[in-house]
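Worksheet for the structure shown next.
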Amino acid sequence: MSLIELSEQELIRRQALEELLKLGINPYPAEKYEVNATTSEIIANYSDEKKNYQNVTIAGRIMSRRIMGTASFAELQDEKGRIQLYLNRDNICTDEDKTLYNIVFKRLIDIGDIVGVTGYIFITKMGEISVHVSNIKMLSKSLRPLPIVKEKDGQIFDAFTDPEQRYRNRSLDLIVNPHVKETFIKRTKVVNTMRDYLNSKSYIEVETPILQPLYGGAAARPFKTHHNTLDQTLYLRIANELYLKRLIIGGFDGVYEFSKDFRNEGMDRFHNPEFTQMELYVAYKDYFWMLELVEEMVEKVALNVHGSTQVTVGENIIDFKRPWKRYTMYSAIKEFTGIDISEMNEEQLKETAIKLNVNVDITMGKGKIIDEIFGVHCEPKLIQPTFIMDYPIEMSPLAKKHRSVNGLVERFEAICNGKEICNAYSELNDPIDQRNRFEEQLLLAKRGDEEAMVLDEEFLHAMEYGMPPTSGLGIGIDRLAMIITNSVSIQDVLFFPQMRPEKKLTRDDNEKYISIGVPVQWIPIIQKAGYSTIEQVKKANPNKLHQELCGLNKKHKLELQNPKIEEVKAWVEK
RNA sequence: GAUUCAGUAGCUCAGUAGGUAGAGCACAUCCCUUUUAAGGAUGGGGUCCUGGGUCCGAAUCCCAGCUGGAUCACCA
């Protein structure tokens, strides 16, 4: 990178780095720096009477500085929080040489630098617990200025809020926005709670392929890729259902996987192309049993993260306390639209959908129409956790036929805050029925349903050896994390949400500039002036370009010999 | 994909009947021994997203594009 491209503040920091080196201070030391406390534990446990924490060593990032002559205050932020530092010249520099304070601390250490300090804890006249620093050590020099976010009584000043910058530059977001870290810690707690719960039941955590020759287990469009050695098309998984069931067939009685799945579909505040699901399969169980497991597990998640079954989400308070409300799909539609669709055929359903302002098209089968009606008229109204049970058979090709009602399957979803958070079945284990259901999907695909499932011969082959009756569950971790952390967007619970690539300025190589006669040392200056390709140079007014170059030379004190106007003309005309 | 709003200093944001680009924080210099979003004073810093057009003159008006937000559609 050419120095001319840097902002003034970045240049000043690089100069500080040079000066540190000249003073024999390594701005990036290799050796470990042993801390013996964190900011939050000091603030929680320090007591003026006990006079504890009289020899602490902590490390972190300098977040603010207030220099008052020979005494200074700074704020140090570590993983757990912030604490004020008090630095006094003569405490840091016990002999005649005051360089460490006057030069190193006051001039060469910037906001954003990572330092280690040793000292004792005391309380200032203003009543703030602070570290009286006796030793300060540079651990890592920061070359870019941080956005300065200040806070007083919960009011935030100059918050760093631009979503694009926050998502693209998550490290910075985490540094200056402490609540962001909290969200991700909660997300991890959600996952850990579920994992502990499942492990306590002795289910086995497994891993299954992400690259799959056939994609299956859900209705969605996949990402497609290619394996060179095999010369074969592979898909990124849209679900892991079929592989997990093959493990059940193989004799594991309880398996689960936290899995990244990939769907090549729209992106918005509820959808990211890659997302996380937890899928669980347990042999010799049915969907009633699974429903109670979900209630218990999610209630535990809320309790572990919030210490309560109640979670504030937007304007609602959602209560995960068991038992949750239950509807069948038909009874839910009846409740919210007043229409009983349970006996209708496809024609009647279509008419009903149109009457209810639900979009239907030619590709939709009976199940899909019902799903649409439910999606429009019921789902958004279900704020408290609610189970919807017994789905039409057409939209559930992997679920077992209902034990008592024709045309339905044993399936439930849990809806919360107007969104699906999980999906579960009594799994279909009749290989002949399974083959028929796949064939019905093929017919849907022929009608134009892009999400219809593909027939998976290997899966059927495995099932033909005999699969125990099994209940299966998929639970959307991102969606659950959004609710638990009160986040409005999935991007707020993913560290690095998918973004469009930033458009890079196209810039010609040095060779091209040299080919029109530009001396190497002038190339970055021409680019700085805005001529990033020789195409642009050729279009330039040579007088203007000449003036701009001389101006930049002077302004940045580059001390280059200015080119003659004839030379600049020659570049432009070449 | 559609509609709509936005893009100005490192950060948060003002600004315009078209007429020399502003503030706070940050940064620099000087002063200052316990300050509390902010100690005092002075100062430097800009491709006003990009490219066209209108105009004597565009950050401002028009057109196109890029990026992002919001809403809607598909999907978990």
Side-chain angles (χ1 to χ4, degrees), chain A residues 6-13 15-16 64-75 84-91 101 106-107 110-112 122-128 130 132 143-168 172 176 218-221 238-239 261-277 359 361 371-372 375-376 379 413 415 419-423 450-451 474-480 482 488-491 499-505 527-532 536 548 555:
Chain A
L6 299 173
S7 69
E8 183 192 28
Q9 292 194 38
E10 288 173 294
L11 287 170
I12 287 165
R13 282 167 183 247
Q15 283 161 14
S64 72
R65 285 191 312 166
R66 296 182 288 279
I67 297 173
M68 330 267 298
T70 56
S72 293
F73 294 89
E75 260 186 308
Q84 177 168 271
L85 308 180
Y86 171 76
L87 296 97
N88 183 296
R89 185 187 66 197
D90 299 325
N91 284 103
Y101 182 79
K106 278 168 70 174
R107 289 201 32 236
D110 290 299
I111 290 175
F122 75 113
I123 296 182
T124 65
K125 282 182 192 163
M126 299 302 291
E128 178 141 349
S130 308
H132 198 289
L143 297 181
R144 287 179 188 271
L146 292 177
I148 306 297
V149 180
K150 294 184 176 176
E151 181 259 327
K152 163 84 169 172
D153 301 332
Q155 196 187 348
I156 310 280
F157 297 83
D158 300 332
F160 177 69
T161 53
D162 177 41
E164 178 177 6
Q165 290 198 69
R166 287 186 46 227
Y167 302 145
R168 284 196 199 277
L172 178 59
V176 303
R221 283 178 290 169
I238 57 171
D261 291 344
F262 305 84
R263 298 190 184 175
N264 205 341
E265 290 165 346
M267 287 166 59
D268 58 28
R269 70 191 179 95
F270 291 103
H271 300 87
N272 193 66
E274 57 182 284
F275 66 104
T276 306
Q277 272 202 97
N359 289 328
D361 66 59
D371 192 37
E372 282 297 309
V376 172
E379 202 173 41
E413 290 189 357
I415 314 285
K419 283 280 166 187
E420 171 190 344
I421 57 169
C422 83
N423 184 12
E450 287 186 64
E451 295 168 355
I475 179 160
I477 299 299
D478 311 289
R479 291 280 174 83
L480 183 60
M482 283 170 69
V488 293
S489 163
I490 196 168
Q491 294 168 311
M499 304 285 280
R500 278 202 174 75
E502 269 185 290
K503 206 186 152 200
K504 285 258 163 55
L505 202 65
Q527 291 178 335
K528 168 83 175 176
Y531 304 86
S532 53
Q536 289 170 302
E548 284 174 329
K555 180 175 162 191

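In what follows, chains carry the letters A, B, and so on, assigned in the order in which the sequence lines appear, proteins first and then strands, with residues in each chain numbered from 1.
Judged by distance alone with a 3.5 Å cut-off, a donor-acceptor contact links the side chain of A:Q9 to the base of B:A26. A:T161 contributes no side-chain N or O that forms a donor-acceptor pair with the base of B:U12 under 3.5 Å. Residue-to-nucleotide contacts include no donor-acceptor pair under 3.5 Å from the side chain of A:D110 to the base of B:C27.
Contact annotation: the side chain of A:R144 approaches that of A:E10 to within less than 4.5 Å [non-hydrogen atoms, C-beta and beyond].
Going from atom CZ of A:R66 over to atom C1' of B:C31 covers 18 Å, rounded to whole Å.
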For nucleotides 2-5 of chain B, give me every protein contact, N/O to N/O, under 3.5 Å, one pair per line with atom names.
none

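Heavy atoms of A:R269 sit under 4.0 angstrom from primed sugar atoms or phosphate atoms, though from no base atom. Using a 4.0 Å heavy-atom criterion, one finds that A:Q277 contacts no nucleic acid atom at all.
For A:P163, counting side-chain heavy atoms from C-beta on, the closest listed nucleotide (B:G24, B:G69, B:A38) is B:G69. Of the candidates B:C27, B:C11, B:G68, the closest approach to any side-chain atom of A:E164 belongs to B:G68. Here the side chain of A:K125 is nearest to one of B:U34, B:U33, B:U36, namely B:U34. Checking B:U36, B:G10, B:G68 against every side-chain atom of A:E128, the shortest atom distance belongs to B:U36.
On the P atoms, B:A6 is 13 Å away from B:C49, given to the nearest whole Å.
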